[in-house]
Amino acid sequence: MARMSRMVTTRIAPSPTGDPHVGTAYIALFNYVWARKNGGRFIVRIEDTDRARYVEGAEKQILNMLKWLGLDYDEGPDIGGPHAPYRQSERLDLYKKYAEELVRSGWAYRAFETPEELEKIRKEKGGYDGRARNIPPEEAEARARAGEPHVIRLKVPRPGTTEVRDELRGTVVYDNAEIPDVVLLKSDGYPTYHLANVVDDHLMGVTDVIRGEEWLVSTPIHVLLYRAFGWELPKFYHMPLLRAPGGAKLSKRTGHTSVDYYREQGILPEALRNYLSLMGFSMPDGREIFTLEEMIEAFDWKRVHVGAPVFDWEKLVWMNGKYIREVLSLDELAERVKPFLEAAGLDWRSDAYLKKVLELMRPRFETLKEFPEKARYFFTDDFDYEEKAVKEIQKGAEILRELKGLLESLPDFRPATTEPAIKAFAEERGLKLRKVMQPLRAAITGRLATPGMYEMLEVLGKDTVLRRLDRALKLIEA
RNA sequence: GGCCCCAUCGUCUAGCGGUCAGGACACCGCCCUCUCAAGGCGGAGGCGGGGGUUCAAUUCCCCCUGGGGUCACCA
């Protein structure tokens, strides 16, 4: 009864230790989808319990990333909620209280070894040997009261076994001999992940823990903690780890892990989100391009594959191109592209003009960053001529001079006007069309690969075209 | 190394005992064509190995191999 009435609640619990990681975005996505699928809640909780690795501003970046991807959350550090605060550093008293409770109930004990001693024990025994279990409780309490630095460790019941059920893999039985007496509360009063995570997940009503596979082997620790507290277990789902092309898990060493990097490269949030969805999940009908809403609609854990996928930049870029040319509206695309034009120092005159250019360029760039690079000549006369373009202008100089006369004489630059005129021009001289087009293309754009000539002439306009023709001809004379 | 997870084209995947093993990216060719793309059509490319179970294994079981994860007062 109580179990059935629990609203599905998921969370993403990132550590503010650096740039917002694509792995975090990936896990957040599945947490978000599962919560929405069930009409439940999605929480963001900041796990800032490692003072050494804390990075100023990282929390803000993470929250921005989630918003950028469209993964809105119901509770979080910046918006609050019924279980505030959502930063673990602001919940220290809670963890201490629960750790002490475990000491009293016999599920945990105080240990007084120094880091140096631990290092020595690790070398000799291969890990902590639980020696502080032998300290009589009264003595341990006395030492603690006297202010002796110490940690609180989980007293793993031994011998014994602990069963862990992963919803994606089934049940795994762990021999408790393999489960270490992990530190729950550090000597600085901060909790470790294990304690803080379990306490908060319980207090915040998290019903479904969706996290990276890196946590799979420490799940028995968490199961033991739930049992020690007498709390109901959540369901566990361990998502595969994203891998770099080499094979190892995606890391700063093996690839680009920062979502900010992808954003800067001109990847659309929709495309990144869609691509990440494909890492393990597939639509029943095999569709690869789909919205968040469509994913939520179709989502089923049965369709999640746990083999670790390689994060492939090539396919991400292809998908980004697909969004640019087929999914976004021209208006949306124009808005997305503006910051990149600005960054390149380009001015687009008017939205109407920008959209006309975009219409022509849409099938010809795959990242927003590419647009200013490939379409520069639409916005300024200040562009370079490719080496091959210069040659093309030289070869076609005679043709260009004659062509200039023709273009000048045209009443307008609509395709309906320019196309027959240029074709007739070529035919009269017995020239293949390309013998006319390539020099012209090179002269007015500085490159050999551009959108179709007639559309381009219309967009650029007569003045610009004639001006550039003159300039190109002068260029080769010099 | 111990323990744990995983295993279909190069990559992402569909498959849930009987399929010509399907799709997507990338690659190659053709078409379209003023260039380059986009688009359309076609091609090449895969069930890691060995045992079982079964009339029948990509599919179920076991072993091996391979890959990954984890063994902190980091998460």
Side-chain angles (χ1 to χ4, degrees), chain A residues 13-17 47-53 111 113-115 118-119 122 126-128 149-153 164 166 168-170 172-175 177-180 182-194 196-197 211-220 238 240-241 243 245 247-249 275 278-289 302-303 305-319 321-322 325-326 360-366 374 392 419 422-423 426 432-438 440-442 445 447-454 456:
Chain A
S15 258
T17 55
E47 310 225 325
D48 55 346
T49 56
D50 185 346
R51 292 184 295 176
R53 293 203 306 156
E113 292 82 10
T114 64
L118 283 175
E119 184 57 35
R122 225 188 332 272
Y128 186 64
H150 67 282
V151 300
I152 291 179
R153 286 179 181 272
V164 171
D166 176 88
L168 303 177
R169 291 162 243 264
V172 185
V173 180
Y174 289 85
D175 186 330
E178 294 156 11
I179 307 172
V182 293
V183 170
L184 263 20
L185 199 69
K186 305 181 226 179
S187 56
D188 63 3
Y190 277 64
T192 60
Y193 172 88
H194 307 296
N197 193 267
R211 70 219 310 194
E213 191 181 343
E214 58 204 315
W215 294 108
L216 188 58
V217 295
S218 49
T219 308
H238 291 91
L241 258 21
R243 290 185 301 147
K249 84 167 168 180
Y275 180 68
L278 258 24
M279 303 276 87
F281 172 75
S282 62
M283 280 295 211
D285 60 4
R287 215 169 2 141
E288 291 196 306
I289 304 294
K302 289 197 189 84
R303 301 207 60 80
H305 180 76
V306 290
V310 170
F311 188 90
D312 181 22
W313 167 257
E314 290 285 337
K315 186 154 183 176
L316 204 213
V317 167
W318 164 79
M319 185 167 279
K322 197 83 174 162
R325 75 183 89 95
E326 291 178 20
L360 299 188
M361 288 302 295
R362 246 216 274 215
R364 296 176 169 84
F365 67 101
E366 291 185 302
K374 291 189 168 176
E392 199 67 42
E419 178 163 0
I422 291 174
K423 279 186 172 162
K432 289 259 196 193
L433 196 52
R434 63 170 298 151
K435 288 288 183 192
V436 177
M437 291 300 210
Q438 286 306 74
L440 178 58
R441 172 169 280 117
T445 69
R447 35 172 76 213
L448 264 22
T450 77
M453 183 59 74
Y454 311 117
M456 204 163 60

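Protein chains get the first letters and strands the later ones, always in sequence-line order, with residue 1 at the start of each. A quick note: this is a predicted structure, and the numbers were derived from the prediction, not measured.
Residue A:Pro363 places its side chain closer to B:A37 than to any other of B:A37, B:C12, B:G39. For A:Arg441, the listed nucleotide lying nearest its side chain is B:U35; candidates were B:U35, B:C12, B:U13. Checking B:C4, B:C25, B:U13 against every side-chain atom of A:Val172, the shortest atom distance belongs to B:C4. Closest approach to the A:Arg169 side chain among B:A38, B:C36, B:C5 is made by B:C5 (side chain taken as heavy atoms from C-beta onward). Checked against B:C34, B:C12, B:G39, the side chain of A:Met437 finds its nearest nucleotide in B:C34.
Side chains of A:Val436 and A:Met453 form no contact here, defined as non-hydrogen atoms less than 4.5 Å apart. Side-chain contact check for A:Ile422 versus A:Leu433: some heavy-atom pair is nearer than 4.5 Å. Side-chain contact between A:Asp50 and A:Tyr193 is absent, with no heavy-atom pair separated by less than 4.5 Å. The shortest distance between side-chain heavy atoms of A:Glu366 and A:Arg325 falls below 4.5 Å. In this structure, A:Arg211 and A:Thr219 have side chains that are in contact, with non-hydrogen atoms separated by less than 4.5 Å. Here the side chains of A:Trp318 and A:Glu314 are not in contact, with every heavy-atom distance at 4.5 Å or above.
Nucleotides B:C62 and B:U53 are separated by 15 Å at their P atoms, to the nearest Å. B:A24 and B:A56 are spaced 35 Å apart, taking the P atom of each and rounding to whole Å. Taking the C1' atoms as reference points, B:U8 lies 8 Å from B:A21, given to the whole Å.
Taking 3.5 Å as the limit, the base of B:C36 and the side chain of A:Arg364 contain a donor-acceptor pair of atoms between them. No hydrogens or angles were tested; on distance alone, nothing pairs the side chain of A:Lys315 with the base of B:A26 as donor and acceptor under 3.5 Å.
Rounded to whole Å, atom P of B:C34 lies 11 Å from atom CD of A:Gln438. Rounded to an integer number of Å, the gap from A:Tyr275 OH to B:A24 P is 16 Å. As a whole-Å value, the separation of A:Arg362 CZ from B:G39 P is 13 Å. Between the P atom of B:C4 and the OH atom of A:Tyr174 lies a distance of 8 Å, rounded to the nearest Å. Here B:U11 presents its P atom at 12 Å from CE of A:Met279, a figure rounded to the nearest Å. Atoms CZ (A:Arg303) and P (B:C16) sit 10 Å apart, rounded to a whole Å.
The residue A:Gly280 sits close only to the backbone: its heavy atoms come under 4.0 Å of sugar-phosphate atoms, none of a base. In this structure, A:Pro451 reaches the bases: a heavy-atom distance under 4.0 Å links it to at least one base atom across the strands shown. Across all strands shown, A:Gly286 has no heavy atoms under 4.0 Å from either base or sugar-phosphate atoms. Residue A:Lys322 is in sugar-phosphate contact alone, with no base atom involved, counting any heavy-atom pair closer than 4.0 Å across all strands shown.
Contact annotation: A:Lys432 side-chain N/O to B:U35 OP1/OP2 distance is not under 4.0 Å.
Residues meeting the side chain to side chain contact (heavy atoms under 4.5 Å, CB included) test with A:Val217, sequence neighbours left out: A:Tyr174.
With rounding to the nearest 0.5 angstrom, the CG atom of A:Leu118 is 5.5 Å from the CD atom of A:Glu113.
Under the Watson-Crick and G-U wobble criteria, each requiring two contacts below 3.5 Å, nucleotide B:A14 is left unpaired. Shown here, B:U70 forms a base pair with B:G2; the pair counts as Watson-Crick or G-U wobble because both key distances fall under 3.5 Å. In this structure, B:U58 makes no Watson-Crick or G-U wobble pair, since no nucleotide meets both defining distances under 3.5 angstrom.
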Item checked: Heavy-atom protein contacts under 4.0 Å, nucleotides 66-75 of chain B, coded B base, S sugar-phosphate only, - none -> -SSBS-SBBB

